[in-house]
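To keep things clear, I will list the structure first and then write my remarks on it.
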Amino acid sequence: MTRTPLDPETYLANLTPAQREAVLHLDGPLLIVAGPGSGKTRVITCRVAHLIAQGVRPYHILAITFTNKAANEMRQRVAALLPNAGVWISTFHSFGVRLLRQYGERLELDRNFTIYDQADRVRMVKAALDAANIDNNRFTPETIQGAISKAKNQLLTPDKFAGTAKDYFSQVVAKVYPLYEKKMRAANALDFDDLLLWPALALKNDQEFRAEVDARFRYVLIDEYQDTNKAQYAIARGLSVDHPNLCVVGDPDQSIYKWRGADIKNILDFENDFPDAKVITLSENFRSTKTILAAADSVIVHNRQRKPKPLHTANAAGGPVRVLQFENGVEEAEQIVKRIRAAVQSGQRRYLDFAIFMRINALTRMLESAFIRQKVPFQIVRGLAFFERKENKDILAYLRLLLNPRDDVSFERIVNEPARGIGKTSLEHLTSYAEPRGLSLLAAAAEVDKIPAIKGKAATGLKSFVILIQELQKFLSATPDEVIRQVLDRTGYRKMLKASGEEEDQERLANIEELITAARQFHEEDNSRTLADFLENITLASDVDGWDDKQDCVAVMTLHAAKGLEFPVVYMVACEQGLLPHERSLANDADIEEERRLAFVGLTRAKEELNVTHVKLREFRGQINYTVPSMFLSELPHEGVAHEDLSESSNRYRAADYWRKETSAASKEWFDAGLDLATLKRQKERDGDGPGKSYREGMTVEHEKYGRGKITEVSGHGALRKIKIRFTGGERAFIAEKAKLTIVGKI
DNA sequence: ATCCAGTACGTTTTT
DNA sequence: CGTACTGGAT
């Protein structure tokens, strides 16, 4: 095999000494502590290139990223340096799947397993609860599912978990967990956690397997190591025994997935786990302005459970970080969109320069309507939303059942969709026939003649369903989009939607057509990819994976999704106590610290301009509440942070209209600068130029506490405007905005 | 079996 | 506020 020789200068150029050191490190464990914007992706990519240049076969290199999007980007960057390098780059979960599909039979696993998502798992837990006859009034299936997930993240199998179950809830979970597992095996399904748990346990228990895989992946690189859980840790360790060339990259300050089982100890204890590990810290930030970085640093230093890490940048100071207060959520959304639109219209920015972050998904709604109302292009980065629509889930369930006839969850979903006269009671009969015989629901349906309880319409319905599935299975070798088309036509799904007069159903049909397009494109990109790959891709897709960063759109996403990204202008909305930090985290310090890290992640995404917003009144699930600004706002530095109060909306607007007529030229200038008229008016007022309270030197004012005095000095602007007043008892300074004064006489 | 209406419910973050 | 499930009527 010949490879184009690679000149080290092509990838070593423009690296800092620390980055260079990390790239040049060859064998042995390596920990790279990489602050935000320190070029870690670049370092990983260059390291891969360097390893290959030094003679390591690409086949022996494994790079693990946090999202598929990151994996694709890294693949492209490696390909730019080394075309067709063939390095294995994927997420932990995708890696798990590939390992399990490859070594399936060795692990007593059918390699055609289906991956169950959150919703599927909950259904499975429900089925397990039914089967065990546990009254599920007490705990929701979701809660139990969460506990099972947590157990799996800690590598606890059902029997091990049972040993740890002390309280009543854990004991219920301990009862459900083995049943859930049994059903999962019967359905030939694995959940997200299994994709890590199975490889982790196999590496632990099967030394031959471990040695083989370790020898295969001699150089392992793991990004976002601070967010790995116990299973991922076990995999990393298992792959680094005989060939301990493990390179992990992460930042403890950006660990935000503790709730999902991530263990920050993995990165903090790396040096203990690998005593001969080399540690390199990348602390120079190439992303943000000095002001933004200082603001973020000023917040994160409040975490007590933290190793101090200086952040510095050679970038310019830049403009101030803005803390904006609005009256309510609608105002917040409208004003932000307005500012974005103004900046784009003035030619300073493009829409894709902007991102809006929020703590919870529920907050996207108001932004969505503001964007639509003002006709500003945007993308809500919530990748799965499209595939989670009922019609698409139905079609996908058909596909899953075709590939894995034992997939009972999918069977239940579609057996009567479109309607075939198979109701709840028939399904119960079918289940009670299948259960003791160890049959899948589809297999049981094939024997419907042997089930006396099911007759008439239900029996014929089930029979025709079985025949339908057999028919459709013949098309499995066709292209993914063709299979979907066949499903759509032969199941009568298309007919059902077409026959309906509902507008909504026509839309549903259009959505399925879009699904077909997605499948076709998926296959066209790489025609070795199968239908199974398509389904897997959808299930393992993360939120950011569905985001097209080339489109000229404003990106709207959760703080979690924002990890690893950067934008010229960032708006972080709803920075209010209870939302950020979230109320569910307020009870203990460790959780608040994770919220602070989340805030830190958000703040450090901004390159040039950072805006943090909060409102006076927040409407949430129909209730309007007064808010308290986020505790993190008070942790921002005084310097370089400008506070603007843009609330008291309704009055302002009327006044602003009046103002516009008076000073159209001036207002245009401000408007073009991205400021709305209300802000303009307010600033003018504060500065003493407009109507309302304007303080000038020499004025006589009355203070509610100190009595009458004379203004001796006026300085600063906006919220920082200060006045000095000489009272009979002496001189005092006030913040103009805050001081309770009445003007008594103008000079 | 299916449809509809009314209510109960719970709401962080996600591979 | 919205969804999801229940229970009743057809």
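To find a chain, count down the sequence lines: A is the first, B the second, and so on, and within it residues start at 1.
- Contact annotation for A:Q118: base contact, defined as any heavy-atom pair under 4.0 Å involving a base atom.
- To the nearest 0.5 angstrom, A:N153 atom CG is 4.5 Å from A:N229 atom CG.
- At a cut-off of 3.5 Å, with distance as the only test, no side-chain donor of A:Q226 or A:D251 sits close to an acceptor on the other residue.
- Comparing atom distances between the A:I360 side chain and each of B:dT2, B:dT15, B:dT13 picks out B:dT13 as nearest.
- By the 5.5 Å and 30° criteria, A:Y257 is not stacked with the base of B:dT14.
- Between A:D227 and A:K563, at least one side-chain N (NZ, or NE/NH1/NH2) sits under 4.0 Å from a carboxylate O, which counts as a salt bridge.
- For A:E619, the listed nucleotide lying nearest its side chain is C:dC1; candidates were C:dC1, B:dT14, B:dT15.
- Counted by atom type alone, A:S149 and A:D193 present one or more donor-acceptor pairs between their side chains at under 3.5 Å.
- Protein atom OH of A:Y116 is 20 Å distant from nucleotide atom P of B:dT15, rounded to whole Å.
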Restricting to nitrogen or oxygen on both sides, can you table the protein-nucleotides 5-9 of chain B pairs closer than 3.5 Å?
none

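- Comparing B:dT15, B:dT2, B:dA1 against the side chain of A:R260 picks out B:dT15 as the nearest.
- Among the heavy atoms of the strands lying under 4.0 Å from A:N361 are primed sugar atoms or P, OP1, OP2 only; no base atom is included.
- Donor-acceptor pairing under 3.5 Å is lacking for the side chains of A:N625 and A:R618.
- Side-chain contact of A:E224 with A:Q254: a donor-acceptor pair under 3.5 Å is absent, judged by distance alone.
- Note on A:D407 versus A:R400: salt bridge recorded, some NZ/NE/NH1/NH2 to OD/OE distance being below 4.0 Å.
- Between the P atoms of C:dG7 and B:dG10, the separation comes to 16 Å (whole Å).
- Residue-level contact check: A:N416 touches the backbone only, with heavy atoms under 4.0 Å from sugar-phosphate atoms and none from bases.
- Using a 4.0 Å cut-off between charged side-chain N and carboxylate O, A:E334 and A:R373 make a salt bridge.
- Contact check on A:R121 versus A:E142 returns no salt bridge, with no Lys/Arg side-chain nitrogen under 4.0 Å from an Asp/Glu carboxylate oxygen.
- Rounded to a whole Å, the CZ atom of A:F192 is 8 Å from the P atom of B:dT15.
- Comparing A:L540 and A:I422, the nucleotide of DNA chain B nearest to each residue sits closer to the 5' end for A:I422.
- Distance from the side chain of A:T425 is smallest to B:dA1 among B:dT14, B:dA1, B:dT2.
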Practice problem: Kindly express the pairing pattern of DNA chain B in dot-bracket notation, using | wherever a base pairs with another strand and counting only Watson-Crick or G-U pairs under 3.5 Å. | Solution: |||||||||......
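- Ion pairing between a basic and an acidic side chain is recognised when a charged N comes within 4.0 Å of a carboxylate O; A:E417 and A:R413 show no such pairing.
- If you take CD of A:E428 and C1' of B:dA1, they are 13 Å apart, rounded to a whole angstrom.
- Here B:dA1 presents its P atom at 9 Å from CG of A:L427, a figure rounded to the nearest Å.
- A:S426 comes within contact range of the sugar-phosphate backbone alone, with a heavy-atom separation under 4.0 Å but no base atom that close.
- Spacing between atom CG of A:L462 and atom C1' of B:dA1 amounts to 13 Å, rounded to whole angstrom units.
- Of the charged side-chain nitrogens involved, none lies within less than 4.0 Å of a carboxylate oxygen, so that A:K616 and A:E576 do not count as a salt-bridged pair.
- Distances shown here put every side-chain N or O of A:S542 at or beyond 4.0 Å from the OP1 or OP2 atom of B:dT14.
- At the heavy-atom level, A:A419 lies under 4.0 Å from the strands shown only through sugar-phosphate atoms.
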Interface polar pairs with nucleotides 2-6 of chain C, N/O, under 3.5 angstrom:
unit_1 : atom_1 : unit_2 : atom_2 : d
C:dC5  : OP1    : A:K126 : NZ     : 3.3

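- Between the CZ atom of A:F66 and the C1' atom of B:dT13 there is a distance of 11 Å, given to the nearest Å.
- Remark: A:R123 does not engage A:E412 in a salt bridge, criterion side-chain N to carboxylate O under 4.0 Å.
- Annotation: B:dT13 and C:dA4 have their P atoms spaced 15 Å apart (nearest Å).
- Each of A:F95, A:Y225, A:F92 was scored for a side-chain contact (heavy atoms from CB on, under 4.5 Å) with A:Q232, with one residue passing: A:F92.
- In this entry the distance linking NZ of A:K455 with P of B:dA1 reads 10 Å, nearest Å.
- Along DNA chain B, the nucleotide closest to A:H582 and the one closest to A:R420 are compared, and the more 5′ of them pairs with A:R420.
- B:dT15 atom P lies 13 Å from atom CZ of A:R121, rounded to whole Å.
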